[in-house]
*Asks:* 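Before anything else, here's the structure in question.
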Number of protein chains: 2
Amino acid sequence: MPAKSDSRQRAWARFVTAQALLLERIEAAFAEAKLPPLAWYDVLWILENAREGELRGRLRMADLARKAVVSRSNVTRLTDRMEKAGLVARFDCPMDGRGTVATLTPKGRALRAKMWPVYKKQIDTLFGAHLGAREAEAIAATFEKMIDSFKRKTP
Amino acid sequence: MPAKSDSRQRAWARFVTAQALLLERIEAAFAEAKLPPLAWYDVLWILENAREGELRGRLRMADLARKAVVSRSNVTRLTDRMEKAGLVARFDCPMDGRGTVATLTPKGRALRAKMWPVYKKQIDTLFGAHLGAREAEAIAATFEKMIDSFKRKTP
DNA sequence: GGCCGTTAGTTGCAATTGCAACTACATAGG
DNA sequence: CCTATGTAGTTGCAATTGCAACTAACGGCC
């Protein structure tokens with residue numbers, strides 16, 4: 001955002017600011033409801049939707065890290081805390097002696113279900129309310145392009 | 001992002017993921033160029049563009065915090081580090097004995113100028129390249145709406 | 001089979017962050 | 001004028017985070 005910024009740069013600036021504001025508010029909403037932070041929700045959701053994988057609901061730590069967009073060491077600690085809270089379980093990977101797989105426990109599944117309405121409400125009022133259906137699709141498609149192109153560069 | 005997610009929720013999910021990936025890459029680009037993190041750039045840029053204000057290039061700490069979307073305590077530490085690095089200076093606010101104002105030093109201005117090309121390159125290739133001019137304007141306008149509506153709720 | 005370069009995950013350590021408590025000052029009301 | 005209430009900024013402390021170093025184990029190759 002220099003003095004003369006074109007529309008793309010303005011879009012970037014708003015993009016960053018909007019997300020910072022909304023995430024702040026979402027975290028606050030979780031905290032008010034005495035629920036864990038968004039990062040936990042992400043992990044729970046990723047694990048819950050990992051059933052398509054080869055390992056039926058189990059996910060390698062590195063895959064979890066990639067999907068949640070956090071560092072591997074961060075996933076380790078995150079999983080530590082969530083395991084201590086009884087939300088996920090870790091097992092040795094059957095195919096790879098070095099590997100570890102994480103799964104959701106029933107308690108973890110229940111917590112995700114409890115967190116979702118709180119999350120959804122924030123998404124709807126802060127984000128969705130400002131988007132037409134067509135616009136939402138366009139934005140989803142555009143960002144998906146960015147994500148794909150990014151991953152193509154860093155596989 | 002539940003099982004049946006409408007387009008707005010998908011848009012939100014992509015929005016969050018895209019930003020996490022891009023910010024990660026941008027920080028890496030700054031680090032590779034031996035430059036400070038993005039948070040420093042933000043502060044430098046905000047201060048450089050604060051000349052419009054009543055205080056001519058000086059900004060109250062709380063205003064800086066609001067514009068950078070960080071907590072007040074965080075602004076204090078951030079400013080501490082940047083002051084130690086000679087990039088900003090702090091003075092007592094003339095209008096308010098409790099207040100402090102921050103300004104850019106020449107060195108700070110120079111650093112921002114040096115960081116911008118690195119930042120711009122990342123924005124252009126990771127973000128701008130996937131946006132048509134019209135689309136960029138739409139996105140900028142939409143996110144601006146979100147930000148404004150948000151601030152109206154929390155003034 | 002045994003060695004070598006890679007990869008998976010964890011851990012130590014230092015840096016960043018947020019929340020809550022605190023000090024200093026400002027402003028309103030009596 | 002003086003007290004009461006609120007605000008600005010900083011700081012202590014605990015939690016989260018990333019980077020780099022480490023260990024264990026895979027896979028190719030001789």
Side-chain angles (χ1 to χ4, degrees), chain A residues 20-21 23-32 34-43 54-55 58-85 88-103 154-155, chain B residues 20-21 23-32 34-43 54-55 58-85 88-103 154-155:
Chain A
L21 289 172
L23 286 183
E24 197 175 62
R25 170 69 86 171
I26 288 166
E27 295 288 11
F30 280 135
E32 277 163 33
K34 307 236 197 249
L35 290 169
L38 182 57
W40 286 37
Y41 182 89
D42 284 340
V43 169
E54 342 65 39
L55 286 155
R58 280 146 198 221
L59 218 52
R60 296 285 295 256
M61 297 301 271
D63 292 335
L64 188 49
R66 262 189 315 100
K67 294 208 185 199
V69 193
V70 295
S71 66
R72 263 168 332 140
S73 68
N74 201 355
V75 165
T76 297
R77 320 289 175 121
L78 205 48
T79 308
D80 285 346
R81 283 172 247 148
M82 295 179 70
E83 191 173 32
K84 210 166 296 176
V88 306
R90 257 188 289 210
F91 303 98
D92 293 340
C93 178
M95 288 87 155
D96 187 338
R98 299 165 298 179
T100 308
V101 292
T103 343
T154 350
Chain B
L21 289 171
L23 287 183
E24 199 174 60
R25 171 69 85 172
I26 287 166
E27 295 288 11
F30 280 135
E32 276 162 33
K34 307 237 197 249
L35 290 169
L38 182 56
W40 287 36
Y41 182 88
D42 284 339
V43 170
E54 342 66 38
L55 286 154
R58 281 146 198 221
L59 218 53
R60 295 285 295 254
M61 298 300 272
D63 292 335
L64 188 49
R66 263 189 314 99
K67 294 208 184 198
V69 194
V70 295
S71 66
R72 262 166 333 142
S73 69
N74 201 356
V75 164
T76 297
R77 319 292 175 118
L78 206 47
T79 308
D80 285 347
R81 284 172 246 147
M82 293 179 70
E83 192 173 31
K84 210 167 295 177
V88 305
R90 256 188 290 211
F91 304 98
D92 293 342
C93 177
M95 286 90 156
D96 188 337
R98 298 166 297 180
T100 307
V101 291
T103 342
T154 351

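Note on naming: letters A, B, ... go to the chains in the order of the sequence lines (proteins, then strands), and numbering restarts at 1 for each one.
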*Asks:* Identify the 5'-most and 3'-most nucleotides of DNA chain D with at least one atom closer than 4.0 Å to a non-hydrogen atom of chain B.
*Replies:* D/dG6 to D/dC13
*Asks:* Which pair of heavy atoms, one from A/Cys93 and one from A/Arg60, lies closest together, and at what distance?
*Replies:* SG-NH1, 3.5 Å
*Asks:* Could you list the residues that satisfy salt bridge (charged side-chain N to carboxylate O under 4.0 Å, His left out) with A/Arg77, not counting sequence neighbours?
*Replies:* none
*Asks:* Sequence neighbours left out, what passes salt bridge (charged side-chain N to carboxylate O under 4.0 Å, His left out) with A/Arg98? Give chain and number order.
*Replies:* A/Asp96
*Asks:* For A/Thr100, which contact category applies under a 4.0 Å heavy-atom criterion: base, sugar-phosphate, or nothing?
*Replies:* sugar-phosphate
*Asks:* Distance from B/Arg25 atom CZ to B/Glu32 atom CD, nearest 0.5 Å?
*Replies:* 7.5 Å
*Asks:* Working to the nearest 0.5 Å, report the span between CZ of B/Arg72 and CG of B/Leu78.
*Replies:* 15.0 Å
*Asks:* Applying side chain to side chain contact (heavy atoms under 4.5 Å, CB included), can you list everything that pairs with A/Thr79, at least two apart in sequence or on another chain?
*Replies:* A/Met61, A/Leu64, A/Val75, A/Val88, A/Arg90
*Asks:* Could you give the distance from CZ (A/Phe30) to OH (A/Tyr41), rounded to the nearest 0.5 Å?
*Replies:* 7.5 Å
*Asks:* Whether the side chain of B/Glu27 engages the backbone of B/Pro37 through a donor-acceptor N/O pair (distance < 3.5 Å, no angle test) should be reported.
*Replies:* no
*Asks:* Which comes earlier along DNA chain C counting from the 5' end, the contact point of A/Met61 or that of A/Glu24, where each point is its nearest nucleotide?
*Replies:* A/Met61
*Asks:* Measuring to OP1 and OP2 of C/dG9, would you say a side-chain N or O of A/Arg60 lies under 4.0 angstrom away?
*Replies:* yes
*Asks:* N/O contacts under 3.5 Å, protein versus nucleotides 22-28 of chain C?
*Replies:*
{"from": "C/dA26", "atom 1": "OP1", "to": "B/Gly97", "atom 2": "N", "distance (Å)": "3.1"}

*Asks:* Of the residues in residues 68-75 of chain A, which ones touch DNA chain C at a heavy-atom distance under 4.0 Å?
*Replies:* A/Arg72, A/Ser73
*Asks:* How long is the gap from OG1 on B/Thr76 to CG on B/Asp80, to the nearest 0.5 Å?
*Replies:* 6.5 Å
